[in-house]
Amino acid sequence: MRIVEIRAYRVELPLREGAYKWSGGNSVAVFDSTVVAVETDAGITGYGEVCPLGPAYLPAYAAGARTGIAELAPALIGADPTQLGPLNQRMDQAMRGHPYVKSAIDVACWDILGKASGQPLAALLGGRYGGDDFPLYRAISQDTPEEMAKMVAQYRSEHYTKFQLKVGGDPDTDVARILAVAEKLKPGDVLVADANTGWTQHQALRVVDAVRHTDVYIEQPCMTYEECLTIRRHTNRPFVLDEVIDAVAMVTRAYADQAMDVVNLKISKVGGLTKARQIRDLCVALGIALTIEDTWGGDIATAAIAHLAHSTPSEMLFSCTDFNSYVTRSIAEGAPQRQNGRMGTTTRPGLGITPRMDVLGKPAFTVQAP
């Protein structure tokens, strides 16, 4: 089987709640997502999606994804999409870095492998754990302490029990946010204060000291690994690393330093499912729990997240997210859907989705075999 054509589509994903706000005064109202179609000479087409969280979150931006895919695609024409290791090596040789550019292509090739073998990706990624579904978290966009606390009741009515609070602003306001939301928690609820790198080291030290008696996880308080490690060594709260975890080597370094209890694994940040699975399996072997998600996306990205999450041992899956419920536009049929704060995977082959071509429209570009 060989790749004969790669297409990319641009699609806008408006947010249901109007805007998503996080540290540094950043916000997004409409996400710019890229869907990739990889077509083969066997008549099988695979799909992937990459959707950066705006241009100011990670070293990634939406137009850059499409530019990079257009640059990379000619080097992949003629490759066997079912040989994921050699395919990733080929991408890394053709383009140094830019893992988010490679992610949607890698996911599309996993989709092809699943369709060709008649297996859902969860089976190929290790097998389904924990029955038919797994728990989700809900992100609470940055707002006043009072408004953020109100959102807990709304999301609990949708059967969420894990809440990720967006902090990373003024330390005093953030302490008030954490304490206000913590007062609304019920037994069994889980609260994560995610600063998204927004605090300086001295600010983070103030916050973690102020909430030292509050049942809360602290996620990625500062920009650098070294700053986060300092905070980790000064707090008794469970600790999550996210933005700095971008490769296997970073996991092994952090494990040696005992720098975290949980890793937030974003598929596109590491280059796709192939490398995300490597990191997931390493974390499981080392006893590090995982939140499995991506930077953002719609139905296709949510399907990829679900398959990786469902193939993770239940006791090591800290949480997961359902990005397609945050946006107003569906781009594929058959995608996983939230039910009672939980989500599962289909048993259909591959990702189990069918793109809505009427929504995707015409390709932004097409690269074909000469």
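Throughout, numbering of the chain's residues begins at 1 and tracks the sequence. Quick caveat, the model's predicted, so the values are computed rather than measured.
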With a cut-off of under 6.0 Å to the ring centre and 45° to the axis, is Lys162 in cation-pi contact with Tyr217?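 No, a cation-pi geometry is absent between Lys162 and Tyr217.
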Quick check with a 6.0 Å cut-off and a 45 degree axis cone: is Arg138 positioned over the face of Tyr155's six-membered ring?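 Arg138 over Tyr155 ring: yes.
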Keeping Glu12 on the side-chain end and Asp32 on the backbone end, is there a donor-acceptor pair under 3.5 Å?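 No; judged by distance alone, with no hydrogens or angles, the pair does not exist.
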Roughly how far, to the nearest 0.5 Å, is CG of Asp92 from CG of Leu72?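 It comes to 9.0 Å.
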Donor + acceptor pair across side chains of [X], [Y] (<3.5 Å):
X	Y	answer
Thr161	Asp189	no
Trp199	Asp174	yes
Tyr160	Arg338	yes

Are Tyr47 and Ile353 packed together at the side-chain level, in the sense that at least one heavy-atom pair is separated by less than 4.5 angstrom?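 Yes, close enough: below the 4.5 Å cut-off.
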What orientation do Tyr326 and Trp296 show, parallel under 30°, tilted 30 to 60°, or perpendicular over 60°?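 The rings of Tyr326 and Trp296 stand perpendicular, inter-plane angle above 60°.
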Give a yes or no on whether a salt bridge exists between Glu39 and Arg7, defined as a side-chain N under 4.0 angstrom from a carboxylate O.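 Looking at Arg7 together with Glu39, the answer is yes, because their closest N to O distance falls below 4.0 Å.
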Asp172 and its side-chain hydrogen bond (donor to acceptor under 3.5 Å, both in side chains) partner, picked from Arg206, Arg177, Gln203: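 Result for side-chain hydrogen bond (donor to acceptor under 3.5 Å, both in side chains) with Asp172: Arg206.
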Centre-to-centre under 6.0 Å for Tyr129 and His310, is that the case here?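 Aromatic pair excluded; centres sit 6.0 Å or further apart.
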